[in-house]
Amino acid sequence: MEYNAQSLEKEWQEYWAKNRSFEPDEDFTKEKKYILSMFPFPSGRLHMGHVRNYTLSDTFARYYRQQGFNVLHPIGFDSFGMPAENAAIKNGSHPKGWTYDNIDYMKGEFKTLGFSFSKERELATSDELYTKFEQGFIIDMFEKGLLYRKKGLLNWCPHDQTVLANEQVVDGCCWRCDTPIVKKDMNQYYFKITQYSDELLDDLKKLEGGWPKQVLTMQENWIGKSNGLEFDLFFDDMSLTKLNNKFKSFDVFTTRPDTIYGVSYTALAPEHEIVTYMIENNLLSNEVIAEIKKMKNTSSIDRQKEKSGIDLGLHVVHPLTGKKIPVWVANFVLMDYGSGAVMAVPAHDERDFDFAKKYNLEINAVIKPFEGEADSDKAYTEVGELFNSGEFDGMNSKKSQYNIIKHFEENNIGKKTTNYKLKDWGVSRQRYWGAPIPFVHCDDCGIVMEKKENLPVALPDDVEITGEGNPLENHPTWKHCSCPSCGKDAVRETDTMDTFVESSWYFLRFCASPENWEKEAFSAEQIKYWMGVDHYIGGIEHAILHLLYARFFTKVFRDLGYLDFDEPFDKLLTQGMVLKDGAKMSKSKGNTVDPDALIEKYGADTARLFILFAAPPTQELEWNDSAVEGAYKFIKRFFDRSSNILKTDTIPTIEHSSLSKDEKFARKKVYEALKRADEVYNERYTFNTMIAGVMEAMNALNTQDNSDVWSEGYWILSSIMEPVIPHVCWQISSEYFSLNNLTSQRVLEEVFVEDSVTLGVSINGKRRCEIEVAIDEPKDSIIELAKEKAEKWLEGKTIVKEIVVPKKLVNLVVKG
RNA sequence: GCCAGAGUGGUGGAACGGUAUACACGGCGGAUUCAAAAUCCGCUGCCUUCGGGCUUAGGGGUUCAAAUCCCCUCUCUGGUACCA
């Protein structure tokens, strides 16, 4: 029979669908594996990155099914988000129609790729049922104080009249109309993720070994914990008068309390409340006010180009020396870190140094190197010895930090503090295609939660998407409602949620049995059984945001009593990008490969085999058309040579000692491949080497013609390869083995037993020749033999050391 | 700048301190064919005076033995970016 990928694959896909082959069992006494790949946004078509992602998870899922596990391998669609609205603006489609059409198409693609997803648990996060439960959780979080509303600075496009996400701001301008964006103070909802900063950081330790180190480091840096000293700087009398006694002091934070005696000025962020007060009350000249306003309106990228600042004409008193210190406003001071104000030590901080140089401010060194002199052309930021530092003179700067903080605390003028880079997560979007935030604004009651029995607060279908303003805000009737608390006329919140909220808990929803989907988001029992995710597979681009948010939600759900563990994903595999001509595949570069076309030409098995064979999963994968062709040829050969198999329902029993050399070798290669497969599936995930092992075994099988050896070989190889190239393996297995071999296979150690072994002989570590010796040859005679064979290289030399590594090599160390 | 990770044939990549270049792609040669495709078989790191010599970005070290461990330099990729 000819290998016809298309018809063969279609047949098995129908078979699997008909037999519900991939639905998880509801029997919770079985051992489970939860295999999850990051779900896609329904952009319209799968790209090669998706194919790689789902091939990887499918390979794990199929392997564990073979091993007898109860496997959950679900898929869904992260289906809210801006691209649906952009498509609406561009072609007048409705976001909902566009989204669900795309989902239908992509489901078809999943099927033709042979992915073993659970069909019955498929979901889209834009489904009203999903929104319903999500809004329920939002309400829970609001009640717990984990969701709050406050004014915050947002990216605002004055032309499109909308808030933009940070990712939509390109070089300080709106990505769509190129208008420079401005920061606008608006009410926004925030998740109090900072309440979990320490736990999110500390629990990274629990993930060591299971998660790539790189991702752990990225999260650690993102959380950005730093310890230091926080203290108040008090204004002198003149400044107090100038500020109408409105402010007595401001707060600063430093990680370098050891440099405290070197403070020569202080700087406030342009957005600092004292600066704002001075502007609003005309306490500064018009030129200065204009200058500060300009500073505030400069994009963060431009702000980084050059440091600039203005003397505010105020002074504070140094907390230890009592010296007067000038107060400046400076563009490099960030409002959203610490208190938005810094003490400046130009002698020991590069930024402070640059600024001091530019404006001719004092530079007072207080730390010197233990040996030699510090370079006065730049800041000395290393550890050293304190001087000009009062009672702390002579101390090691690093060690003095503890003493100085203690001094501040004992005198009640400051305290030890921890700061984080991590900020609360702003989740409201002035967008249509998202989950509505289920709150109501009532003149009398304030912000009121919608009653849970009224959920979901669903999106209206009849909207006009123009790209300007918020369609929910502009809708004639949708937002008008009555207050859930007092019943008076009220207005719905028109903000929708960031789509990262949906992806923060979808893995929990997949644990729910479909028969209860309407009733509950999931049950404690289901979560307890299926979580944590045993293998989570996806792109490194989600290393921070999605993975951090999902960890945060897990901890919140734990504290809400929905589950009882701390971390959702036990093992994380981050796949590399798919490249063509050395660049990431993208439509704009025109270097994409369409999965559908590939499947049409070669079939899904070829696509899957190539993707797993071309590179290890974590590495980038360079597309190569002729290597794809090579994968196809291998499958074809694998299929064609199956004609050497004898039909059997059990693995053949073979008398190993009666076999020829080639036959023995073939068996050895087959079992080597099996050994390697176990290792790859369980520890290394380097499917490329597993496939290479199978190819070697195939090559070895082909050098002999014992049909029992062929049958045994195929029994094992088609079992190993089923997770990779399932269609052709099911075909072979059903034709010859009644599908009995698609289970876990046992390694037969007897095939590795040999009576002689070849050893490499090295002189001074350089390999010169080889010898063949009996397996139990004593060390002395091995050395004797090696000397004989290597005589040529030993002439006139003295052997000073002899090393024998059993079954590997002999190394003779010579002199002279 | 800082933090990760990586540098192995013409190419993708093997080698968890022990025979470097497995497996594949590409190339070359042969068989088959009227011819081609397909298929099958063989060769293929570099240099060579055909004895051999040299090779894992470069330099040093540890070791009987280093692609692998340590130090320095260079290059590339990713993340992050005035975080006080």
Side-chain angles (χ1 to χ4, degrees), chain A residues 212-222 224-226 228-230 252-256 259 266-267 269 300-301 303-307 330-334 336-345 348-352 354-355 419-423 540-541 543-544 574 576-577 579 582 609-610 613-616 618-631 633-634 636-637 640 679 683-684 686 688-699 702 758-770 792 800-814:
Chain A
K213 239 175 83 187
Q214 188 194 4
V215 175
L216 296 176
T217 312
M218 281 163 80
Q219 292 221 347
E220 189 184 325
N221 292 341
W222 188 263
K225 180 175 181 170
S226 49
L229 170 69
E230 187 186 4
V252 294
F253 171 75
T254 180
T255 54
R256 293 293 306 275
T259 64
T266 69
S300 58
I301 304 146
R303 266 208 208 182
Q304 279 182 43
K305 283 181 186 149
E306 203 191 337
K307 292 187 175 43
N331 68 346
F332 70 90
V333 182
L334 305 174
D336 49 13
Y337 183 76
S339 58
V342 296
M343 65 173 220
V345 187
H348 305 296
D349 181 282
E350 284 169 28
R351 293 154 305 175
D352 298 347
D354 293 346
F355 193 80
N419 255 307
Y420 301 87
K421 287 189 206 174
L422 184 68
K423 290 164 204 147
I540 186 85
E541 65 272 21
I544 298 171
T574 48
M577 282 192 305
L579 309 179
L609 180 66
F610 167 75
F613 183 54
T618 53
Q619 220 161 297
E620 287 176 341
L621 185 152
E622 174 71 34
W623 198 263
N624 180 332
D625 288 329
S626 48
V628 173
E629 185 84 34
K633 283 182 191 168
F634 172 78
K636 193 170 180 311
R637 248 191 331 266
D640 291 343
E679 209 182 292
E683 297 159 36
R684 285 150 60 83
T686 48
N688 54 327
T689 64
M690 177 183 92
I691 294 162
V694 170
M695 286 174 170
E696 283 177 54
M698 276 294 289
N699 292 344
N702 205 41
T758 307
L759 303 181
V761 178
S762 312
I763 313 298
N764 286 348
K766 187 160 282 279
R767 186 175 175 275
R768 292 302 180 181
C769 59
E770 55 187 38
K792 192 165 134 192
V800 293
K801 199 161 188 178
E802 296 154 342
I803 287 136
V804 176
V805 183
K807 290 180 198 170
K808 293 253 158 86
L809 54 80
V810 180
N811 190 18
L812 302 173
V813 186
V814 300

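Here is how names work: the chains are called A, B, and so on, in the same order as the sequence lines, proteins then strands, and each is numbered from 1.
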Listed pairs, N/O of protein and of nucleotides 1-10 of chain B, under 3.5 Å:
| residue | atom | partner | partner atom | Å |
| --- | --- | --- | --- | --- |
| B:rG5 | OP1 | A:K213 | NZ | 3.2 |

Polar atom pairs (N or O), protein with nucleotides 46-51 of chain B, under 3.5 Å:
none

Give a yes/no answer on whether the side chain of [X] brings an N or O atom under 4.0 Å of OP1 or OP2 in [N].
{"X": "A:N702", "N": "B:rC41", "value": "yes"}
{"X": "A:R684", "N": "B:rA15", "value": "yes"}
{"X": "A:T689", "N": "B:rG13", "value": "no"}

Syn/anti state of B:rG51 by chi, 90° boundary around 0: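 Syn conformation for B:rG51.
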
Strand RNA chain B in bracket notation, Watson-Crick/G-U under 3.5 Å with | for pairs to another chain: (((((((..(((.....[....)))((((((.......))))))(((....)))..(((((..]....))))))))))))....

Nearest-nucleotide comparison on RNA chain B, the residue closer to the 5′ end among A:R768 and A:S762: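 Final value for this comparison: A:S762.
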
Pairwise 5' ranking along RNA chain B for A:R256 and A:L621, keeping only the more 5' one: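 The residue whose closest nucleotide sits nearer the 5' end is A:L621.
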
Heavy-atom pair of closest approach, residues A:P212 and A:T574: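 So the minimum-distance heavy-atom pair works out to CG-OG1, 3.6 Å.
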
Sidechain N-carboxylate O distance under 4.0 Å for A:D336, A:K423: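 Judged by the 4.0 Å cut-off on N to carboxylate O distance, A:D336 and A:K423 do form a salt bridge.
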
Write down the protein N/O and nucleotide N/O pairs, taken from nucleotides 69-71 of chain B, whose separation is under 3.5 Å; answer none if there are no such pairs.
none

Below 3.5 Å is the cut-off: list the nitrogen or oxygen pairs between protein and nucleotides 64-66 of chain B, distance only.
| residue | atom | partner | partner atom | Å |
| --- | --- | --- | --- | --- |
| B:rC64 | O2' | A:N811 | ND2 | 3.1 |
| B:rC64 | O2 | A:N811 | ND2 | 3.0 |

Contacts under 3.5 Å, N or O only, protein and nucleotides 31-33 of chain B:
none

